[in-house]
Amino acid sequence: MTFKIIIMVVVAYLLGSIPSGLWIGQIFYHKDIRKLGSGNIGTTNTFRTLGPKAGTVVLFMDVLKGTLAACQPYFWGVSATVNPLLIGLFASLGHTASVFDHFHGGKAVATSAGILLAYNPPLFGIACLIFITTLLLTSMASCASIIGISAVFVIALCEQDWILTLVSGFLTLVVLNRHRSNIKRIFAGTESMVGFGLGHYLREHHQK
């Protein structure tokens, strides 16, 4: 069992470490996304700098990393004794500190969502709905990410799923830490917005 756990942890970390945005940019666009936009290799900056096609691919890949990592206990037949969340957690850590990117990385939102998809698909659907609603209201991906993962923590706490509470609480702290500069810009009213939603409309209307 110990050997299986070690294998699953290593595989989860390596899966999470795959720098999807960086590799997609380098291979198909001959661009280093770390030198574009916010410099982040995640989904939002990929959408902003490489376009919707690349952004969608990176989103899918980053979610898939978390899902595959967290599904390992099911594959090995040990899900009754090894919680998928605890294995999947290492994928999120790999995403934020990638061995393939000098231990730099993204903000762990999409990969964490992938872990939730493997563990609790209905809650994943709720989290996506919260994310999309917040995005449409604020036009800020950073705000939607923070509220979405925080909502998962609150729901897990209310449902008394203590392992999910622990993991989602830890990942909420990670996401908040990775979004420090975004939070400052949100309060300053200077945070970047997507080109749709209520927030975008109000900002454009105010500028006119």
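Everything numeric in this text was worked out from a predicted model, so none of it was measured.
- The hydrophobic cluster containing I18 also contains L64, counting ILVMFWY residues as joined when their side-chain heavy atoms lie under 4.5 angstrom apart, directly or transitively.
- One hydrophobic cluster, built from ILVMFWY side chains closer than 4.5 Å, holds both V82 and L116.
- Note that CG of L123 and CG of L164 are 6.5 Å apart. Values are rounded to the nearest 0.5 Å.
- Of all non-hydrogen atoms in A110 and T43, the two that sit nearest each other are CB-OG1, 4.3 Å.
- In plain terms, the two heavy atoms of G21 and V58 that are nearest each other are CA-CG2, 3.7 Å.
- Shortest non-hydrogen contact noted between L157 and W162 is CD1-CZ3, 3.7 Å.
- Applying the side chain to side chain donor-acceptor pair (under 3.5 Å) test to every pair with at least one member in residues 163-179, sequence neighbours left out, gives these pairs: N177-R180.
- The distance from atom OG1 of T134 to atom CD1 of I146, rounded to the nearest 0.5 Å, is 10.5 Å.
- Minimum heavy-atom separation, A69 to L15: N-CD1, 3.8 Å.
- Rounding to the nearest 0.5 angstrom, the gap separating the CG atom in L22 from the CG atom in N45 is 11.5 Å.
- Connection of V109 to F153 is not established within any shared hydrophobic cluster, with ILVMFWY side chains joined at heavy-atom distances below 4.5 Å, either directly or through further cluster members.
- Side chains of K107 and N182 form a contact here, defined as non-hydrogen atoms less than 4.5 Å apart.
- Applying the salt bridge (charged side-chain N to carboxylate O under 4.0 Å, His left out) criterion to D161, with sequence neighbours excluded, gives no partner residue.
- Among residues at least two apart or in separate chains, there is no ring pair (Phe, Tyr, Trp, His ring centres under 6.0 Å) pair with a member in residues 27-74.
- The backbone N or O of Y201 sits nowhere less than 3.5 Å from a side-chain atom of E204 that would complete a donor-acceptor pair.
- The cluster map of Ile, Leu, Val, Met, Phe, Trp and Tyr, joined by side-chain heavy atoms under 4.5 Å apart, puts I5 and L166 in different clusters.
- Put simply, the side chain of S17 never gets that close to the backbone of S98: no donor and acceptor are under 3.5 Å apart.
- Not counting sequence neighbours, the partners of I115 by the side chain to side chain contact (heavy atoms under 4.5 Å, CB included) test are A70, L85, S92.
- To the nearest 0.5 angstrom, L173 atom CG is 9.5 Å from I149 atom CD1.
- Among residue pairs with one or both ends in residues 82-120, those qualifying as ring pair (Phe, Tyr, Trp, His ring centres under 6.0 Å) are W23-F100; sequence neighbours excluded.
- The hydrophobic cluster around I132 extends to F131, L135, L136, V194, F196, counting ILVMFWY residues whose side-chain heavy atoms fall within less than 4.5 Å of a member.
- A distance of 12.5 Å separates CD1 in I87 from NZ in K4, rounded to the nearest 0.5 Å.
- For R34, the salt bridge (charged side-chain N to carboxylate O under 4.0 Å, His left out) criterion is met by D32, D101, not counting sequence neighbours.
- Every side chain to side chain contact (heavy atoms under 4.5 Å, CB included) that T2 has, sequence neighbours left out, goes to I6.
- For residues 138-152, the set of pairs meeting the side chain to side chain donor-acceptor pair (under 3.5 Å) definition, not counting sequence neighbours, comprises S142-E191.
- The same ILVMFWY cluster, assembled from side-chain heavy atoms under 4.5 Å apart, contains both V99 and I41.
- Shown here are the side chain to side chain contact (heavy atoms under 4.5 Å, CB included) partners of I7, two or more places apart in sequence or in another chain: F3, V11, W76.
- Sorted by first then second residue, the side chain to side chain donor-acceptor pair (under 3.5 Å) pairs that include residues 46-62, not counting sequence neighbours, are S20-D62, D62-K65.
- In this view, T133 and L129, L137 satisfy the side chain to side chain contact (heavy atoms under 4.5 Å, CB included) rule, not counting sequence neighbours.
- A distance of 7.0 Å separates CZ in R203 from CE in M140, rounded to the nearest 0.5 Å.
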